[in-house]
Enquirer: 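Input: one structure, supplied below.
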Amino acid sequence: MKKTTLVLGASLNPVRYSNIAIKRLTDNNIKTVAVGLKKGKVGNVTIETDKKEFLDIDTVTLYLNPTRQVEYYDYIISLKPRRVIFNPGTENAEFMAVLKEHKIESEIACTLVLLSTGQY
């Protein structure tokens, strides 16, 4: 199985892009975990509300605005992902520089587009 993706900023609202991303990731057989403000489930994925120490995180896909990201900097770095995807509206030059210092790739992209074009 492919490595795990963390959806950070996950929502229970089915019209939110983070929710759609969880569904599309799992539809593509990508192991997915999620952290958001409200605990619940999207399909078979449980949205956690705490900064859980997930193992084997390959990708963190962000659905948090830059101001809300600050409290997650250390958490994301502690997970040692290979890359962090900054979805539209989450672009953050400051955090991208921090990630680069920790040798973590960052990418300004849309997870949904990457999945639909086979580039994920």
Side-chain angles (χ1 to χ4, degrees):
M1 179 174 264
K2 296 176 184 173
K3 293 185 179 183
T4 305
T5 292
L6 167 61
V7 176
L8 189 54
S11 174
L12 293 169
N13 184 337
V15 301
R16 302 291 296 194
Y17 288 116
S18 61
N19 185 293
I20 297 166
I22 292 169
K23 293 173 187 165
R24 297 255 177 91
L25 286 160
T26 57
D27 287 349
N28 281 276
N29 297 315
I30 296 168
K31 186 175 178 191
T32 305
V33 293
V35 172
L37 290 176
K38 295 179 183 174
K39 193 165 184 109
K41 287 193 94 140
V42 176
N44 291 326
V45 177
T46 299
I47 298 176
E48 303 291 343
T49 55
D50 58 332
K51 297 174 182 152
K52 199 168 177 186
E53 291 183 42
F54 295 108
L55 299 175
D56 200 27
I57 297 295
D58 178 70
T59 301
V60 175
T61 184
L62 289 175
Y63 290 93
L64 295 172
N65 72 48
T67 305
R68 298 239 4 261
Q69 291 170 22
V70 175
E71 71 177 276
Y72 292 96
Y73 285 9
D74 292 337
Y75 172 64
I76 292 169
I77 291 163
S78 76
L79 296 173
K80 299 181 173 83
R82 178 180 59 85
R83 69 175 172 172
V84 174
I85 298 173
F86 289 82
N87 286 281
T90 67
E91 300 89 344
N92 183 343
E94 175 187 85
F95 190 29
M96 291 176 83
V98 171
L99 291 169
K100 187 174 184 176
E101 289 173 16
H102 288 87
K103 298 181 177 27
I104 298 171
E105 294 175 35
S106 60
E107 185 175 350
I108 297 173
C110 176
T111 296
L112 298 174
V113 171
L114 293 174
L115 286 165
S116 68
T117 58
Q119 298 177 70
Y120 192 83

Enquirer: Can you confirm whether V33 sits close enough to K52 that some side-chain heavy atom of one is under 4.5 Å from a side-chain heavy atom of the other?
Expert: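 A side-chain contact is absent here, since even the closest heavy-atom pair is not under 4.5 Å.
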Enquirer: Is a side-chain donor or acceptor of D56 paired with a backbone partner of K3 at a separation under 3.5 angstrom?
Expert: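 Not confirmed, D56 side chain does not pair with K3 backbone.
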Enquirer: Counting C-beta onward and ignoring hydrogens, is there a side-chain heavy-atom pair between N44 and T26 closer than 4.5 Å?
Expert: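 They are not in contact (no side-chain heavy atoms under 4.5 Å apart), so the answer is no.
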Enquirer: Between V7 and Y120, is there a shared hydrophobic cluster once you connect ILVMFWY residues whose side-chain heavy atoms come closer than 4.5 Å?
Expert: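 Same hydrophobic cluster.
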Enquirer: Kindly check if the number of other-residue, nucleotide or ligand heavy atoms within 6.0 Å of CG (D74) is above 12?
Expert: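 Incorrect, the count does not exceed 12.
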Enquirer: Which of these, V60, I57, D58, sits in a side chain to side chain contact (heavy atoms under 4.5 Å, CB included) with R82?
Expert: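 It is D58; the other options fail the test.
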Enquirer: Can you check side chain to side chain contact (heavy atoms under 4.5 Å, CB included) on E48 and F54, steps first, answer last?
Expert: CA-CA 11 Å; E48 303 291 343; F54 295 108; 4.0 Å; yes
Enquirer: Search all heavy atoms of P81 against all heavy atoms of I76 and return the closest pair with its distance.
Expert: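 In terms of heavy atoms, the two residues are closest at CD-O, 3.2 Å.
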Enquirer: Is L79 reachable from L62 through a run of hydrophobic residues whose side-chain heavy atoms are each under 4.5 Å from the next?
Expert: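 Result: yes, single cluster for both.
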Enquirer: Could you tell me whether the side chain of N28 and the main chain of R24 form a donor-acceptor pair under 3.5 Å?
Expert: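 Checking the backbone N and O of R24 against the side chain of N28, a donor-acceptor pair under 3.5 Å is found.
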Enquirer: Do any N or O atoms from the side chain of Y73 and from the backbone of L99 form a donor-acceptor pair under 3.5 angstrom?
Expert: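 Side chain of Y73 to backbone of L99, a donor-acceptor pair under 3.5 Å: no, none is there.
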Enquirer: Should Y63 and T111 count as side-chain neighbours, where that means a heavy-atom distance under 4.5 Å?
Expert: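 They are in contact (side-chain heavy atoms under 4.5 Å apart), so the answer is yes.
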Enquirer: Rounded to the nearest 0.5 Å, what's the gap from OG1 on T59 to CD1 on I30? Could you check?
Expert: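 Going from the OG1 atom of T59 to the CD1 atom of I30 covers 8.0 Å.
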Enquirer: For the residue pair R68 and F95, would you count it as a cation-pi contact if the rule is NZ or CZ under 6.0 angstrom from the ring centre and within 45 degrees of the ring axis?
Expert: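 Ring-cation test returns no.
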Enquirer: Is the number of heavy atoms from other residues, nucleotides or ligands within 6.0 Å of CZ (R16) greater than 12?
Expert: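 12 or below, so no.
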Enquirer: Treating N65 as the side-chain partner and T67 as the backbone partner, does any N or O pair qualify as donor plus acceptor under 3.5 Å?
Expert: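 Such a contact is found between N65 side chain and T67 backbone.
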Enquirer: Closest heavy-atom contact between E91 and P66?
Expert: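 Closest approach of E91 to P66, heavy atoms only: O-CG, 3.2 Å.
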Enquirer: Got a sec: does the CD of E53 have more than 12 other heavy atoms crowding it under 6.0 Å?
Expert: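 12 or below, so no.
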Enquirer: With a cut-off of 6.0 Å (strictly less than), are more than 12 heavy atoms of other residues, nucleotides or ligands near OH of Y17?
Expert: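 Count not over threshold, so no.
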Enquirer: Indicate if L64 and I85 have the same hydrophobic cluster label, given that clusters are the connected sets of ILVMFWY residues with side-chain heavy-atom separations under 4.5 angstrom.
Expert: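 Not linked; separate clusters.
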Enquirer: Do L115 and L8 share a hydrophobic cluster, counting only Ile, Leu, Val, Met, Phe, Trp and Tyr and linking them when any side-chain heavy atoms are less than 4.5 Å apart?
Expert: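 Per the 4.5 Å side-chain linkage, L115 and L8 are not co-clustered.
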Enquirer: Can you check whether G9's main-chain N or O pairs, donor with acceptor, with S18's side chain at less than 3.5 Å?
Expert: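 Yes, the answer is positive, given that a donor and an acceptor are paired below the 3.5 Å cut-off.
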Enquirer: Rounded at 0.5 Å granularity, tell me how far NE2 in H102 sits from OG in S78.
Expert: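 One finds 10.0 Å between NE2 of H102 and OG of S78.
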Enquirer: Knowing that exactly one of I22, L12, T46 qualifies, which makes a side chain to side chain contact (heavy atoms under 4.5 Å, CB included) with K41?
Expert: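 Testing K41 for a side chain to side chain contact (heavy atoms under 4.5 Å, CB included) against I22, L12, T46 leaves exactly one candidate, T46.
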Enquirer: Assigning hydrophobic clusters by single linkage (Ile, Leu, Val, Met, Phe, Trp, Tyr; side-chain heavy-atom cutoff under 4.5 Å), is V35 placed with V42?
Expert: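 V35 and V42: separate clusters.
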Enquirer: Can you name the closest pair of heavy atoms from V45 and A34 and give their distance?
Expert: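 For V45 versus A34, the nearest heavy atoms are CG1-CB, 4.0 Å.
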Enquirer: To the nearest 0.5 Å, what is the distance between OH on Y72 and CG on L6?
Expert: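 Spacing of OH (Y72) from CG (L6) equals 10.0 Å.
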Enquirer: Got a donor-acceptor contact below 3.5 angstrom from the Q69 side chain to the T90 backbone?
Expert: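 Between the backbone of T90 and the side chain of Q69 there is a qualifying donor-acceptor contact (under 3.5 Å).
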Enquirer: Quick one: CD on E107 to CE on M96, what's the gap to the nearest 0.5 Å?
Expert: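 One gets 9.0 Å once the value is rounded to the nearest 0.5 Å.
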